[in-house]
Amino acid sequence: MCITAMAIVIQKEVGIPPRPEGARLPAHLICEKGTYMVNEEKYVEDITDQDDNFSKWYNQIVRKAELADYAPVRGCMIIRPYGYALWEHLQHTVDTRFKENDVENAYFPLLIPQSFLQKEAEHVEGFAPEVAWVTRGGGEELEEPLAIRPTSETIIGHSFSKWIQSYRDLPLIINQWANVMRWEKRTALFLRTSEFLWQEGHTAHRTLEEAEARTRLMLDVYRAVAEEDAAIPVIAGRKSENEKFAGALRTYSIEAMMGDGKALQSATSHNLGDNFARGFDIQYLDADSQRKYCYTTSWGMSTRMIGGLIMVHGDKSGLILPPRLAPYQVVIVPIWRKEKEREAVLDMVNRVEKMLKGKVRVKVDRSDNTPGWKYNEWEMRGVPVRMEIGPRDVQNNNVMLVRRDNRAKEPVPVEALETRLPELLEELQKALYQRALEFREQNTHTTESYDEFKEIIAEKRGFVRVKWAEDSAAETAIKEETKATLRVIPFDQPEGGVQGKCIYTGKPATCEAIFARSY
RNA sequence: CGGGGUGUGGCGCAGUUGGUAGCGUGCCUGGUUUGGGACCAGGAGGUCCGCGGUUCGAGUCCGCGCACCCCGACCA
C-alpha cells in the first residue's frame with residue numbers, strides 16, 4: 001500500500017520506462033541529467049535468452065551465479081555461499097518481523113513417529129505420497145518407522161498438547177527454522193527440491209477468531225517481506241478447497257507472477273481450525289472451567305522465495321537482486337593502466353571501502369580479471385550497484401555508480417557517497433518493485449468468456465481474473481482442460497460484491513478468482 | 001510414473017564407414033595487461049555414465065541398467 005504509493009513517486013522521478021507487453025526488459029535506458037547513456041546490448045553471450053527458453057535460462061543463472069548446485073542425490077540441492085547469503089538475508093528480515101509479532105523460535109526433531117502422521121485423516125492422505133521413511137537404525141529394523149518430516153504440525157501438536165493446560169497458556173506462538181523433505185517426482189533448484197529450507201510457524205489459540213486473526217496477520221508479514229524486501233508484488237488471498245493445505249480449515253497464500261507469466265505460490269498461512277487440536281488432544285481449561293480444544297494455525301515460507309526472486313527480477317544478463325536482500329549491495333571495480341595509477345586507485349578504493357563498511361554491504365573485486373570481465377560477472381550475479389574507480393575518478397575525487405537494472409551511470413563525489421549510495425539503493429529497490437508490478441498488471445487479463453480464457457492461458461500466459469462460483473468440480477475441469485489452476489481468491493474483491501455469472505458453470509458468481517499456470 | 005532428449009577433461013561441445021580422443025573456455029606457471037568478458041609462451045587435467053556382449057580392435061555397434069534435463073500427471 002504505502003510502498004506502492006512511494007514507488008510510483010519514485011518511478012516518476014527516475015522515469016522507469018514501462019515495459020512493453022510480454023517483454024522481459026525495458027528496451028530503453030534512462031538518460032537523466034548527470035547520467036550517461038549506455039548502449040543496450042547483450043554483454044553476456046553465453047546465457048540462454050529468457051524468451052527463448054525460460055527454464056533453461058533459470059537453471060543456467062542459478063548455477064552460473066553460484067547460488068546452488070545439483071547434489072549427488074536426486075532432487076536435492078547444494079546451496080552455495082552466495083545463495084546461502086541471500087537466504088540469510090531473507091531469514092533475517094522474516095525473523096525480525098516475526099519477533100515484532102510475538103513469535104518465539106524453537107526446534108523440533110527431524111524424525112516423526114509414523115503414528116503421529118496418521119492422527120489427522122486429511123493430513124495423512126495429503127502427504128502420504130511425499131513422505132520419506134526411516135525404517136532401519138542401529139543395524140536393526142525399527143519397531144515403528146519414522147517419517148522424515150514433510151512438515152511438523154504433528155510433532156509440534158504433540159508438544160503443544162503437553163505445554164498447554166489453561167487459557168492462560170494461550171496464545172502459544174512458535175516458529176522453527178528447519179529443513180523438510182517431500183519426495184517430489186519433478187524437481188527444480190529452489191522452486192521444488194526434495195529437501196528444502198523454510199520456517200514453519202505454529203500457533204494455538206483460545207478461539208477460532210483469534211486463530212483466524214493470527215493466520216491473516218502472518219500472511220500479511222509474508223506480503224510485506226515479498227513486497228518491501230524482495231520487491232515482488234504479490235496477490236494475497238484465500239486458496240480454494242481444492243488447493244488448500246491437507247488438514248487445514250482454510251489456507252491463505254501470496255501469489256507472485258514470474259517473468260514467464262506463470263504463478264508462484266510464495267508463502268502460505270493456514271487456519272487449521274480444531275482439526276489438529278482434536279487429533280493431538282490440544283486442550284485447555286477455559287475460564288468457565290470447561291475443557292476446550294484449541295484452534296491452531298501454521299504458516300511457512302521457504303527457499304522457494306529465492307526462486308521467485310530470480311524469476312521476477314532477472315534479465316538476459318543474469319540476476320538482479322533487490323538491494324535489501326542482496327549479499328553484496330555494491331561491488332567496487334578498480335581500474336588502472338599504469339603502476340602509478342594502480343597505487344592511487346587502490347588507495348581510493350580502500351578509503352571508500354572503509355568509509356562504507358557497516359553502512360552498505362560492499363565487495364571489492366581485487367581479482368586480476370579485467371574490468372570488463374568484472375562488469376559482466378557481477379551483473380550476472382545481480383549486484384544492484386557497481387562502483388567504478390579509475391584514474392579519472394581519482395583525479396576528480398569522485399566515483400562512477402552504475403545501476404544494475406538499467407545500467408544508468410552517475411558520477412558521485414566521494415564525500416557524497418554515504419548519503420547518495422543508500423538513496424540509490426532504495427531507488428533501485430522501488431524501481432524493481434514497480435517494474436515487476438507493471439509487468440504483472442500488463443499480464444493480468446479479465447474475461448467473461450471461457451473460450452477467451454482458454455486462449456489467454458494457452459497463448460499469453462499470465463493471470464486471468466474471472467467471476468467464480470467456487471465450484472470444486474468446475475475447478476478440476478478447468479485444470480484438466482487448460483492446465484491452469486485457481487491460484488487465489490484475492491482479498492481485494494469488488495465493493496458491494498460480485499455481480500454476474502461464473503465463467504465456467506454460469507451460476508451466480510460469489511467472488512473473483514485468479515487462474516494461472518503455475519510452478 | 002508416462003512421453004521425449006542427453007550422458008566424452010571443471011563447464012560447453014566435436015568425434016565420419018569401428019583403428020586407441022580433440023576443440024572452445026576455465027585452471028596452473030611466467031611475462032605483458034586492465035574505463036564492457038585482454039594477449040603471448042609453457043603446463044596440468046580423461047576408467048569416454050555403469051555392466052555385459054559382438055569384434056583382432058568399441059567413445060562409436062547390440063543388450064540391460066543408472067543418472068540428469070525437458071514436456072505431462074502429483075506438490076511449498
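Every chain is numbered from 1 and lettered A, B, ... according to where its sequence line falls, protein lines coming before strand lines.
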So, using ring pair (Phe, Tyr, Trp, His ring centres under 6.0 Å) as the criterion, who are the partners of Phe127(A) when residues are at least two apart? His123(A), Phe245(A)
Got a sec, which pairs hit salt bridge (Lys or Arg N to Asp or Glu O under 4.0 Å) with one end in residues 328-340 of chain A, sequence neighbours left out? Glu339(A)-Arg342(A)
Checking Glu212(A), Glu470(A), Glu243(A) against Arg238(A) for salt bridge (Lys or Arg N to Asp or Glu O under 4.0 Å), the one that qualifies is Glu470(A)
Expressed in whole Å, how much space separates the P atoms belonging to G35(B) and U16(B)? 42 Å
Contacts satisfying ring-ring contact (aromatic ring centres under 6.0 Å, His included) that involve residues 365-400 of chain A (not counting sequence neighbours) are Tyr328(A)-Trp378(A)
Below 3.5 Å, can you tabulate the donor-acceptor pairs from side chains in residues 473-483 of chain A to any protein atom, sequence neighbours excluded?
unit_1: Glu475(A); atom_1: OE1; unit_2: Ser240(A); atom_2: OG; d: 3.1
unit_1: Glu475(A); atom_1: OE2; unit_2: Ser240(A); atom_2: OG; d: 2.6
unit_1: Thr476(A); atom_1: OG1; unit_2: Asn242(A); atom_2: ND2; d: 3.2
unit_1: Thr476(A); atom_1: OG1; unit_2: Ser472(A); atom_2: O; d: 3.0
unit_1: Glu481(A); atom_1: OE1; unit_2: Tyr450(A); atom_2: OH; d: 2.7
unit_1: Glu481(A); atom_1: OE2; unit_2: Tyr504(A); atom_2: OH; d: 2.8
unit_1: Thr482(A); atom_1: OG1; unit_2: Ile478(A); atom_2: O; d: 2.7
unit_1: Thr482(A); atom_1: OG1; unit_2: Ala484(A); atom_2: N; d: 3.0

So do the side chains of Leu219(A) and Ile254(A) get within less than 4.5 Å of each other, counting heavy atoms only? yes
Determine the Euclidean distance between corresponding C1' atoms of G46(B) and C74(B); express it in Å to zero decimal places. 41 Å
Taking only nitrogen or oxygen atoms into account, show me every contact under 3.5 Å that the protein makes with nucleotides 23-28 of chain B, one pair per line with its distance.
none

Can you confirm whether or not the ring centre of Phe463(A) sits under 6.0 Å from the ring centre of Phe515(A)? no
B/S/- along nucleotides 4-11 of chain B (protein heavy atoms under 4.0 Å) is --------
In whole Å, what separates the C1' atom of A76(B) from that of C61(B)? 47 Å
Kindly indicate whether the side chain of Arg386(A) and the base of G36(B) share any N or O donor-acceptor pair separated by less than 3.5 Å? yes
Out of G36(B), C71(B), C69(B), whichever nucleotide has its closest atom nearest the side chain of Ser55(A): C71(B)
Pick the P atom in A44(B) and in G15(B), then give their distance to the nearest Å. 27 Å
Of all residues at least two apart in sequence or in a different chain, which pass the ring pair (Phe, Tyr, Trp, His ring centres under 6.0 Å) check with His89(A)? none
If one requires at least 3 consecutive Watson-Crick or G-U pairs with distances under 3.5 Å, the stems of RNA chain B turn out to be B:1-7 with B:66-72, B:10-13 with B:22-25, B:27-32 with B:38-43, B:49-53 with B:61-65
Can you run down the ring-ring contact (aromatic ring centres under 6.0 Å, His included) pairs that involve residues 386-406 of chain A, sequence neighbours left out, and say none if there aren't any? none
Mind listing the side-chain donor-acceptor pairs of residues 188-196 of chain A below 3.5 Å, one per line with the distance, residues two or more places apart or on another chain?
unit_1: Arg192(A); atom_1: NH2; unit_2: Tyr519(A); atom_2: O; d: 3.4
unit_1: Thr193(A); atom_1: OG1; unit_2: Glu195(A); atom_2: O; d: 2.8
unit_1: Glu195(A); atom_1: OE2; unit_2: Asn179(A); atom_2: ND2; d: 2.8

Listed pairs, N/O of protein and of nucleotides 73-76 of chain B, under 3.5 Å:
unit_1: C75(B); atom_1: O2'; unit_2: Glu130(A); atom_2: OE1; d: 3.4
unit_1: C75(B); atom_1: O2'; unit_2: Glu184(A); atom_2: OE2; d: 3.4
unit_1: C75(B); atom_1: O2; unit_2: Arg192(A); atom_2: NE; d: 2.2
unit_1: C75(B); atom_1: O2; unit_2: Arg192(A); atom_2: NH2; d: 3.3
unit_1: C75(B); atom_1: N3; unit_2: Arg192(A); atom_2: NE; d: 3.1
unit_1: C75(B); atom_1: N3; unit_2: Arg192(A); atom_2: NH2; d: 2.7
unit_1: A76(B); atom_1: O3'; unit_2: Gln265(A); atom_2: NE2; d: 2.0
unit_1: A76(B); atom_1: O2'; unit_2: Arg304(A); atom_2: NE; d: 3.0
unit_1: A76(B); atom_1: O2'; unit_2: Arg304(A); atom_2: NH1; d: 2.1
unit_1: A76(B); atom_1: O2'; unit_2: Arg304(A); atom_2: NH2; d: 3.3
unit_1: A76(B); atom_1: N6; unit_2: Thr193(A); atom_2: N; d: 3.0
unit_1: A76(B); atom_1: N6; unit_2: Thr193(A); atom_2: O; d: 2.3
unit_1: A76(B); atom_1: N3; unit_2: Ser302(A); atom_2: OG; d: 3.2

Does OP1 or OP2 of U34(B) have a side-chain N or O of Thr370(A) closer than 4.0 Å? no
Would you indicate whether Glu415(A), at its atom CD, is surrounded by more than 12 heavy atoms from other residues, nucleotides or ligands within a distance under 6.0 Å? yes
Which residues share a ring pair (Phe, Tyr, Trp, His ring centres under 6.0 Å) with Phe491(A), sequence neighbours left out: Tyr252(A)
Side chains of His202(A) and Ser298(A), donor plus acceptor under 3.5 Å: no
